[in-house]
Amino acid sequence: MWSRPSNAVAAVVIVASVGLLVSACTAGGTTDASSGTLPQGDEHVELDPGEFSADIDHPYWPMVPGTQWEYRELDGEGGEFRVVVTVTTDTREIANGVTARVVRDTVYQGDTIVEDTFDWYAQRDDGSVWYLGEDTAEFEDGEIATTEGSFEAGVDGAEAGVLLPGDPQPGQSYRQEYSRGEAEDEGEVLRLGERAEAPYGAYDDVLVTRDTTPLEPDVVEYKFYARDVGPLLAIDVSGGSGREELVEVRTVPEGTGTGPLGEPG
């Protein structure tokens, strides 16, 4: 998924006085999502499916079906990849009862698919966007090599998390996903109103987040979301030198991205 810790040619980013805000995560316990509290660590969160919709209109990542983003990803070791993210017309009922939007995330090296993922998102009625799991596969020689990293909220202890708060404010921290030992990403809002530039364009009203995971404690990534556009730029600032930058946004025909893993269509 684009929200994963990912890995400069035509892109420039200007970040003014971004502070490294350190927040602790709570372990254990149960939180009622209707309280407005953002989920932390591995705590169980009770979600009311009636409060969620597969129609996502968050200002920093509006997921309109048929929208497709294309990114250039540089892994810091000389590798270059093309990442295509498609909001499909499909929805999926997750094990915890929430109906989610299916978003396809396909990674190419040249014309060869190296990773293909169905991500599941839903928007709560407070405007927050939740991440509910993924069905993912890595490919070698055209065949699925592993599905490691796949999980579904409500199955085997996996928990949903927040991708973007409904009203992002500096200092907010939250779990983005939780599947023990597989997916434990955490996010933190650093700043609003920043300026960032990628090949697709330059924007002033940009949300900056800091993404980490206890599974790779040395890795820190900043992500930049442009209002009314979505994810614009991702930069490894510790534990690597990867970069992912938006190249194009387009509208694709109905049904695009709904084929099986390895056959995005």
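If you read the sequence from its start, that first residue is 1, and numbering goes on from there. The analysis underlying the following values was restricted to heavy atoms, covering all of them including side chains, and did not include hydrogens, waters or symmetry mates.
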- By salt bridge (Lys or Arg N to Asp or Glu O under 4.0 Å), D55 pairs with (sequence neighbours left out) R101

- Message: Grouping I, L, V, M, F, W and Y whenever their side-chain heavy atoms are under 4.5 Å apart, do L233 and L192 come out in a common cluster?
- Response: yes

- Gap separating the CD atom of E186 from the OG1 atom of T209, nearest 0.5 angstrom: 12.5 Å

- Would you indicate whether the side-chain heavy atoms of E177 and Y131 approach each other to under 4.5 Å? yes

- Query: Side chains of Q68 and V84: does their closest heavy-atom pair fall under 4.5 Å?
  - Reply: yes

- Note on the structure: Across all chains, not counting sequence neighbours, the salt bridge (Lys or Arg N to Asp or Glu O under 4.0 Å) partners of D204 are R195

- Message: The criterion is ring pair (Phe, Tyr, Trp, His ring centres under 6.0 Å); which residues satisfy it with W120, sequence neighbours excluded?
- Response: none

- Task: Rounded to the nearest 0.5 Å, what's the gap from CG on D236 to CD on E244? Could you check?
- Result: 10.0 Å

- Message: To the closest 0.5 Å, what do you measure between CD1 (I56) and CH2 (W130)?
- Response: 13.0 Å

- Query: With a 4.5 Å limit on heavy-atom distance, are the side chains of V87 and W69 in contact?
  - Reply: yes

- Can you list the steps and then say if F139 with V114 is a side-chain contact (heavy atoms from CB on, under 4.5 Å)? CA-CA 5 Å; F139 288 79; V114 295; 5.7 Å; no

- Message: Could you check whether any side-chain heavy atom of P39 comes within less than 4.5 Å of a side-chain heavy atom of E159, counting everything from C-beta outward?
- Response: no

- Message: Is any side-chain heavy atom of Y200 closer than 4.5 Å to one of V247?
- Response: no

- Spatial distance of atom CZ (F52) from atom CZ (R124) [nearest 0.5 Å]: 6.0 Å

- With Y60, which of D205, V229, D228, V206 fulfils side-chain contact (heavy atoms from CB on, under 4.5 Å)? D205

- Note on the structure: Sorted by chain and number, sequence neighbours left out, salt bridge (Lys or Arg N to Asp or Glu O under 4.0 Å) with D125 holds for none

- Query: Would you say the side chain of V129 lies within less than 4.5 Å of the side chain of W61, judging by non-hydrogen atoms?
  - Reply: no

- List in chain and number order the residues that pass salt bridge (Lys or Arg N to Asp or Glu O under 4.0 Å) with E152, two or more places apart in sequence or in another chain; answer none if no residue qualifies. R92

- Message: Looking at T99 and A54, would you say the former's side chain and the latter's main chain have a donor-acceptor pair under 3.5 Å?
- Response: no

- Query: Do S173 and Q40 have side chains that get closer than 4.5 Å, going by heavy atoms?
  - Reply: yes

- Of all heavy-atom pairs between V155 and A95, which one has the smallest distance, and what is that distance? CG2-CB, 3.5 Å

- Message: Between H58 and G230 (side chain of the first, backbone of the second, donor and acceptor by atom type, cut-off under 3.5 Å), is there such a pair?
- Response: no

- Decide yes or no for L163 and Y225: does some side-chain heavy atom of the first lie under 4.5 Å from some side-chain heavy atom of the second? yes

- Are the side chain of E245 and the backbone of P199 linked by a donor-acceptor contact shorter than 3.5 Å? no

- Does a side-chain N-to-carboxylate-O contact under 4.0 Å join D116 and R104? yes

- Query: Among pairs that include at least one residue of residues 248-262, which meet salt bridge (charged side-chain N to carboxylate O under 4.0 Å, His left out), considering only residues two or more places apart or in two chains?
  - Reply: E70-R250, E248-R250

- Message: Can you confirm whether more than 12 heavy atoms, excluding those of Q169, are under 6.0 Å from its CD atom?
- Response: yes

- Message: For T117 and D119, which I'm curious about, is there any donor-acceptor pair between the side chains at under 3.5 Å?
- Response: no

